[in-house]
Amino acid sequence: MKPVKAIIIGAGGRGGTYASYALAYPEEMEVVGVAEPREDFLKLFLKGHNIEKKYIFKTWEDVFKLKKFADAVIICTKDDMHFAPSVAALKKGYHILLEKPMAPKAAECKIMTALSKKHKKIFGLCHVLRYTNFYKTVKKIVDSGEIGEIMTIEHIEPVQHWHMDHSFVRGNWRNTKFAAPMILAKSCHDLDIIRWIMGKKCTKVASFGSLSYYRKENAPKGSTLRCTDGCAVEKECPHSAIKLYMDMKKDYWPVSMISVDLSKEGRLKALKEGPYGRCVYRCDNNVVDHQVVSMEFEGNATASFTLSGFCAGLTERRMRIMGTKGELIGDSRHINVANFNGDKKITYDTTATGWNAGSGHGGGDFGLMKDFINAVRHNNPKLLSSSIEASLDSHLIGFAAEKSRKESKTVIL
Ligand SMILES: NC(=O)c1ccc[n+]([C@@H]2O[C@H](COP(=O)([O-])OP(=O)(O)OC[C@H]3O[C@@H](n4cnc5c(N)ncnc54)[C@H](O)[C@@H]3O)[C@@H](O)[C@H]2O)c1
């Protein structure tokens with residue numbers, strides 16, 4: 001059995017993670033090409049992968065100038081660079097694994113889905129949660145009928161304040177000029193999970209939310225443009241970049257994202273010159289810091305979703321599913337199920353203990369890779385749970401939520 005040959009487009013955080021599957025399971029996958037413009041990141045990437053010079057590129061466009069030389073491409077560029085490489089890859093006949101969100105615009109998502117049908121290629125989206133022990137077990141319980149027909153789902157994604165600061169205030173996903181709105185950038189996973197578990201089409205969406213806190217008017221007296229500019233309140237500020245990036249273990253995410261030079265001097269330089277040293281109240285961010293979404297599905301089942309960037313890390317995502325025969329409550333690790341007769345009360349421990357226990361997102365990163373590689377090997381899209389059609393459905397809920405939030409109206413899907 002030969003390994004599936006893959007090309008990594010965008011060898012940053014996510015590209016590196018998926019490529020590491022080939023290092024762990026060389027008999028399953030081989031990285032034969034890469035496109036990455038940042039020289040220092042490319043150099044780091046090439047230390048782990050033995051790639052022929054002619055298949056090392058500065059930008060994704062060059063990959064598709066050559067004749068097809070691999071089975072699949074794994075596209076891990078930023079949100080606004082998902083559409084064009086996906087279309088080019090489909091036209092060249094590659095199978096695709098694309099990072100979420102599909103694209104920042106609904107029209108682009110629809111075009112990609114239609115093209116993938118036309119070209120009959122495996123086109124998966126990185127909805128890593130679907131591949132975790134926790135959500136796989138939730139889905140199995142629901143599908144077994146144990147709690148009856150779902151009437152209500154309540155789901156919450158608590159974003160820790162430092163994660164909010166790093167990604168959605170200072171970082172890559174802070175502004176819809178170049179990233180998808182936060183409900184898609186952060187929570188398309190959650191909308192996808194709700195839609196998947198519900199197993200029905202969403203028909204109506206209403207949403208509220210705003211950027212309320214991370215704004216200039218909330219900047220404390222004495223604060224400066226950068227935390228390194230002699231800010232008078234830096235020591236007590238929970239959002240201090242110095243605390244986050246200088247005090248944390250140095251190769252730990254998100255510290256590893258600010259520079260390839262993770263020495264003390266390298267990190268300090270990144271804070272003084274790059275985006276991650278800026279005061280959280282004085283950034284060019286425009287995405288929400290909290291949002292709620294109410295959904296109605298076929299058959300009148302309802303779901304509510306809360307996204308909040310004001311969390312201290314007490315819990316991970318939580319989900320409560322209420323059915324006609326019983327109820328399920330999960331906290332991303334344990335699942336409690338009880339029925340209305342009172343004769344059944346079970347706790348499932350889904351703490352990742354399997355072969356993929358060490359991989360990110362509760363084992364979801366490698367779980368997804370295993371299924372994608374298998375689907376490509378057998379040219380069978382059914383082997384991949386997060387198909388592009390399923391993702392389109394849940395992305396449309398996200399776009400509807402954004403429209404509802406901005407226009408203060410219920411959106412009918
Ligand atoms: N599935 C998940 O849970 C999950 C988690 C985090 C991020 N993401 C998504 O993954 C994507 C990448 O995020 P990341 O954190 O890895 O970002 P990143 O910035 O670390 O990586 C993106 C890489 O793309 C490279 N790039 C830029 N222009 C390019 C070009 N023309 N050709 C090829 N490469 C180019 C950049 O240099 C960078 O290295 C985003 O869309 C993000 O939303 C998904």
Side-chain angles (χ1 to χ4, degrees), residues 7-21 33-46 55-65 73-86 88-89 96-105 108-109 124-132 135 157 159 163 166-168 170-176 178-193 253-260 270 274-276 287 316-317 332 359-369 372 386 391 394-395 398:
I7 304 163
I8 301 287
I9 294 191
R14 301 304 299 163
T17 296
Y18 296 126
S20 72
Y21 188 82
V34 62
E36 169 57 52
R38 292 190 291 178
E39 267 175 33
D40 40 5
F41 274 78
L42 179 63
K43 226 183 204 172
L44 201 66
F45 183 89
L46 292 173
Y55 295 139
I56 300 170
F57 310 94
K58 277 206 156 49
T59 181
W60 65 267
E61 286 94 337
D62 294 339
V63 172
F64 304 110
K65 284 179 188 157
V73 293
I74 301 180
I75 301 176
C76 300
T77 38
K78 285 189 201 129
D79 303 4
D80 60 350
M81 209 185 278
H82 286 180
F83 178 68
S86 297
I96 302 174
L97 183 63
L98 171 64
E99 252 309 350
K100 61 83 200 161
M102 278 169 88
K105 292 190 185 123
E108 292 174 340
C109 298
L125 213 78
C126 298
H127 284 309
V128 287
L129 293 185
R130 283 193 185 215
Y131 301 87
T132 60
Y135 286 104
E157 180 177 19
V159 182
H163 189 166
H166 173 80
S167 296
F168 304 99
R170 296 183 173 115
N172 289 345
W173 297 274
R174 66 186 183 274
N175 195 305
T176 48
F178 41 78
M182 188 163 169
I183 192 67
L184 281 158
K186 186 77 184 93
S187 302
C188 66
H189 285 315
D190 302 275
L191 299 176
D192 177 71
I193 286 291
W253 191 92
V255 181
S256 54
M257 292 293 107
I258 67 171
S259 170
V260 282
Y276 296 103
V287 301
E316 296 173 56
R317 288 175 166 94
S332 296
S359 86
H361 290 109
D365 286 351
F366 274 16
L368 160 71
M369 285 308 296
F372 176 68
S386 51
S391 296
S394 52
H395 275 59

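Atoms within a ligand are numbered from 1 in the order they appear, just like the ligands themselves.
- Evaluated by nearest non-hydrogen atom to atom 42 (C) of ligand 1, the leading choice among W253, F41, Y18, W173 is W173.
- Nearest heavy atom pair, residue A89 against residue I96, reads CB-CD1, 3.7 Å.
- Looking at atom 14 (P) of ligand 1, its nearest protein heavy atom turns out to be R14 CG, 3.8 Å.
- Contact of the L97 side chain with the L368 side chain is registered, since non-hydrogen atoms from C-beta on lie closer than 4.5 Å.
- The closest protein non-hydrogen atom to atom 3 (O) of ligand 1 is H189 NE2, 2.9 Å.
- The shell of residues lying under 4.0 angstrom from ligand 1, judged by heavy atoms, excludes A185.
- For the pair K58 and ligand 1, the shortest N or O to N or O distance does not fall below 3.5 Å.
- Rounding to the nearest 0.5 Å places NE2 of H127 at 9.5 Å from CG of L98.
- Remark: ligand 1 atoms within the under-4.0 Å shell around heavy atoms of G12 are 20 (O), 21 (O), 23 (C), 39 (O).
- Looking at T132, its side chain does come within 3.5 Å of a backbone N or O of Y135 through a donor-acceptor pair.
- At least one donor-acceptor pair closer than 3.5 Å links the side chain of D79 to the backbone N or O of A180.
- Annotation: R38 places an N or O atom under 3.5 Å from an N or O atom of ligand 1; distance criterion only.
- A donor-acceptor pair under 3.5 Å is formed between the side chain of E36 and the backbone N or O of A11.
- Checked by atom type, the side-chain pair S386/Y131 shows a donor-acceptor distance below 3.5 Å.
- Both the backbone and the side chain of K78 come within contact range of ligand 1, each with a heavy atom under 4.0 Å.
- Remark: the backbone N or O of V159 is not paired with any side-chain donor or acceptor of H163 at under 3.5 angstrom.
- Ranking the protein heavy atoms by distance from atom 12 (C) of ligand 1 puts C76 O, 3.3 Å first.
- Side-chain atoms of K58 do not come within 3.5 Å of backbone N or O of A35 as any donor-acceptor pair.
- Looking from atom 41 (O) of ligand 1 to the surrounding protein, the closest heavy atom is D79 OD1, 2.7 Å.
- Of all atoms in ligand 1, numbered sequentially from 1 with element shown, those under 4.0 Å from a heavy atom of H82 are 41 (O).
- Each of the atoms 33 (C), 34 (N) of ligand 1 lies under 4.0 Å from some heavy atom of A35.
- Counting heavy atoms from C-beta on, the side chains of H395 and L125 come closer than 4.5 Å.
- Under 4.0 Å from ligand 1, heavy atoms of T77 appear from its side chain as well as its backbone.
- Side-chain N or O atoms of S394 include none that pairs as donor or acceptor with a backbone N or O of L191 at under 3.5 Å.
- Among N172, I9, L42, D365, the residue whose heavy atom lies nearest to atom 17 (O) of ligand 1 is N172.
- Summary of contacts: the protein heavy atom closest to atom 18 (P) of ligand 1 is G13 N, 4.0 Å.
- Between atom 35 (C) of ligand 1 and the options G364, S167, C188, P37, the minimum heavy-atom separation is to P37.
- In terms of protein heavy-atom proximity, atom 32 (N) of ligand 1 is nearest to W60 N, 3.1 Å.
- Nearest to atom 9 (C) of ligand 1 among the protein's heavy atoms is K100 O, 3.3 Å.
- In this structure, H127 does not count as a contact residue of ligand 1, since none of its heavy atoms falls inside 4.0 Å of the ligand.
- A salt bridge is defined here as a Lys NZ or Arg NE, NH1 or NH2 lying under 4.0 Å from an Asp or Glu carboxylate O, and D40 with K43 fails to meet this definition.
- At a heavy-atom cutoff of 4.0 Å, ligand 1 is contacted by the side chain of E99 but not by its backbone.
- Within the listing of ligand 1, atoms 3 (O) sit less than 4.0 angstrom from a heavy atom of V128.
- Scanning the protein heavy atoms around atom 24 (O) of ligand 1, the nearest turns out to be G10 CA, 3.5 Å.
- The ring of W60 has its center no closer than 6.0 angstrom to the ring center of H82.
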